[in-house]
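Count residues from 1 along the sequence.
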Amino acid sequence: MAYYRRSGEVPPKRHTQHRTPDGGLYYEELMGEEGFSSNSSLLYHRGIPSAIVDATPWELPNVDTTANHPLVPRHLKLHGLFPGEDWKAVDAVTGRRLVLGNADVRISYVVAGEASPLYRNAVGDECVYVESGAATVETVFGALDARHGDYVLLPRGATHRWVPVDPGDGAPLRLYVIEANSHIDPPKRYLSRFGQLLENAPYCERDLHGPAEPLLVDGTDVEVLVKHRGSRGITGTRYVVPTHPFDVVGWDGCMYPYTFNVADFEPITGRVHQPPPVHQVFEGDGFVICNFVPRKVDYHPLSIPVPYYHSNVDSDEVMFYCGGSYEARKGSGIGQGSISLHPGGHSHGPQPGAYERSIGVQEVDELAVMVDTFRPMELGEGGRAAEDPGYAWTWSGRGPAS
């Protein structure tokens, strides 16, 4: 995110001495993207950030996927993945269940009641949507307050952990996790050539909330879980570091974690139905993230507010339904916590009757997060476990031919 921030104590000029109160040196670390030719930040540590005292393999949760074959639209009921109160012993990192994935992006789901281990994703950025509950996200840059409706953007390589907190309404911490093999940023068309969000963008810098101050934690021989690239795909390593990684007294730059609440997204509407790109909020290599929020709808006197039937020939469409009532899917069994997967090569659109019912509707009360991918999505262990097998036949009202 090319928006400069500064927190804590930093020297007047970069790459110069930054002294501790007793005359020692803080250790400067440059965290940067694209071979240090893109966004970066400078962090000043009390300890040496590269020091480790042990490294052992970390067995990741199941990351295997199977093809969507035969090619059909699918409905996945994510709330069934963590039944009863099993979630109370789950954390937001090791408890994730992979729902869908391809070579560019992986989507997981978790309901968490325990604080997670310290964790670093060295594969790509993470965009985590908070479906319900609340958490403190402790990071090497400082702490973030995460609440219902927040996107939490965590840059590649940023050590952090999730600590659930009581939101006051008893709601568990439900997280929809979008992990990239790249960086996740605002769409380029929203930005000036210098990186400022433009006047026609549906949000601005005031809506982005980074860490307010450093987070200093003491500790020795601290464990950190690292997800990283390996010769056979994604793998994990369990580090032990001699001092706690939350030892940064100050930092500045344009690379850092931040939150953005979906309620701050200003919808773009028109006289007739607008195409999905108007709902875009972020992008990564090989995919985009959009959100559909409560809004006034099309105001042409002959408009049909629900989406027309469409075939996105270059993309798979993954829609996560996380609030309100989605008019186009009534009658399909889709509700809070559902995912619909509509693959490229298959035309899709509203359920029977929704097209006609929408005529005359002036506003919609819906909330959904959509990921469009340019490679086919495959089903992870969580996706296979959560599937509603009858969804593909809901447009015709008939099951598969015997």
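- At least one donor-acceptor pair under 3.5 Å links the side chain of Gln274 to the backbone N or O of Val272.
- Sorted by first and then second residue, the salt bridge (Lys or Arg N to Asp or Glu O under 4.0 Å) pairs involving residues 299-314 (not counting sequence neighbours) form an empty list.
- Applying the side chain to side chain contact (heavy atoms under 4.5 Å, CB included) rule to Leu60 yields the partners Trp58, Lys227, Ile234; only residues at least two apart in sequence or on another chain are considered.
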Original post:
What do the steps show when you test Leu191 against Gln196 for side-chain contact (heavy atoms from CB on, under 4.5 Å), and what is the final call?
Top reply: CA-CA 5 Å; Leu191 301 170; Gln196 182 181 9; over 6 Å; no

**OP:** Show your working on side-chain contact (heavy atoms from CB on, under 4.5 Å) between Met255 and Glu33 and close with a plain yes or no.
**Re:** CA-CA 8 Å; Met255 177 184 174; Glu33 301 173 354; 3.9 Å; yes

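- Proximity of Thr259 to Leu153: side-chain heavy atoms (C-beta onward) are nowhere separated by under 4.5 Å.
- Judged by distance alone, with hydrogens and angles left aside, the side-chain atoms of Arg156 form a donor-acceptor pair with the main-chain N or O of Asn181 at under 3.5 Å.
- Under a 3.5 Å cut-off, the side chain of Arg6 and the backbone N or O of Trp251 do not form any donor-acceptor pair.
- Remark: side-chain polar atoms of Ser315 are not paired, donor with acceptor, to backbone N or O of Glu317 under 3.5 angstrom.
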Return a table of donor-acceptor pairs under 3.5 angstrom between the side chains of residues 164-174 and protein atoms on other chains or two or more places apart.
unit_1: Asp166; atom_1: OD1; unit_2: Gly168; atom_2: N; d: 2.9
unit_1: Asp169; atom_1: OD1; unit_2: Ala171; atom_2: N; d: 3.0
unit_1: Arg174; atom_1: NH1; unit_2: Tyr109; atom_2: OH; d: 3.1

Using a 3.5 Å cut-off and no angle test, enumerate the donor-acceptor pairs between side-chain atoms of residues 134-146 and protein atoms at least two apart in sequence or in another chain.
unit_1: Glu138; atom_1: OE1; unit_2: Arg161; atom_2: NE; d: 2.7
unit_1: Glu138; atom_1: OE1; unit_2: Arg161; atom_2: NH2; d: 3.4
unit_1: Thr139; atom_1: OG1; unit_2: Phe141; atom_2: N; d: 3.0
unit_1: Thr139; atom_1: OG1; unit_2: Gly142; atom_2: N; d: 3.2
unit_1: Thr139; atom_1: OG1; unit_2: Gly142; atom_2: O; d: 2.7

**OP:** Quick one: do Ile339 and Tyr176 satisfy side-chain contact (heavy atoms from CB on, under 4.5 Å)? Show the steps, please.
**Re:** CA-CA 11 Å; Ile339 277 182; Tyr176 185 71; 3.6 Å; yes

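- Listed by chain and number, the residues in a ring-ring contact (aromatic ring centres under 6.0 Å, His included) with Tyr203 are Phe260 (sequence neighbours excluded).
- Taking the side-chain hydrogen bond (donor to acceptor under 3.5 Å, both in side chains) definition, one finds that Asp252 meets it with Tyr4, sequence neighbours left out.
- Among residues at least two apart or in separate chains, salt bridge (Lys or Arg N to Asp or Glu O under 4.0 Å) pairs with a member in residues 272-284 are Lys188-Glu283.
- Between the side chains of Tyr256 and Ser7, not a single donor N or O lies within less than 3.5 Å of an accepting N or O.
- Under the side chain to side chain contact (heavy atoms under 4.5 Å, CB included) criterion, Thr220 pairs with no residue at all, not counting sequence neighbours.
- Of the possible donor and acceptor atoms, one in the side chain of Ser182 sits under 3.5 Å from a partner among the backbone N and O of Asp285.
- A side chain to side chain donor-acceptor pair (under 3.5 Å) with His228 is found for one member of Thr235, Thr237, Asn121 and no other, namely Thr237.
- Gln17 meets the side-chain hydrogen bond (donor to acceptor under 3.5 Å, both in side chains) test with Arg19; sequence neighbours excluded.
- No donor-acceptor distance shorter than 3.5 angstrom exists from the side chain of His69 to the backbone of Leu71, with no hydrogens or angles considered.
- A donor-acceptor pair is defined here as one N or O able to donate and one able to accept, closer than 3.5 Å; such a pair exists between the side chain of Asn62 and the backbone of Asp64.
- For the pair Pro376/Pro343, no side-chain contact is recorded, criterion being any heavy-atom separation below 4.5 Å from C-beta on.
- If you check the side chains of Glu205 and Tyr3, you find no donor sitting under 3.5 Å from an acceptor.
- A salt bridge between Arg295 and Glu366 is present, with a side-chain N of the basic residue lying under 4.0 Å from a carboxylate O of the acidic one.
- Sorted by first then second residue, the salt bridge (Lys or Arg N to Asp or Glu O under 4.0 Å) pairs that include residues 46-56, not counting sequence neighbours, are Arg46-Asp218.
- The distance between the ring centers of His45 and Tyr27 does not fall below 6.0 angstrom.
- Legend: salt bridge (Lys or Arg N to Asp or Glu O under 4.0 Å) pairs involving residues 256-276, not counting sequence neighbours: none detected.
- A salt bridge does not link Lys88 to Glu114: none of the charged nitrogens lies less than 4.0 Å from a carboxylate oxygen.
- Annotation: side chain of Val217 is not in contact with side chain of Asp247 (no heavy-atom distance under 4.5 Å).
- Looking only at distances, no side-chain donor or acceptor of Asn102 sits under 3.5 Å from a matching main-chain atom of Met377.
- For the pair Leu341/Leu76, no side-chain contact is recorded, criterion being any heavy-atom separation below 4.5 Å from C-beta on.
- Taking every heavy atom of both residues into account, Gln280 and Phe265 meet most closely at O-CE1, 3.5 Å.
- At distances below 3.5 Å, not a single donor-acceptor pair connects side-chain atoms of Thr65 with backbone N or O atoms of Glu378.
- At least one donor-acceptor pair closer than 3.5 Å links the side chain of Asn261 to the backbone N or O of His148.
- Every residue two or more places apart in sequence or in another chain was checked for a ring-ring contact (aromatic ring centres under 6.0 Å, His included) with His346, and none qualifies.
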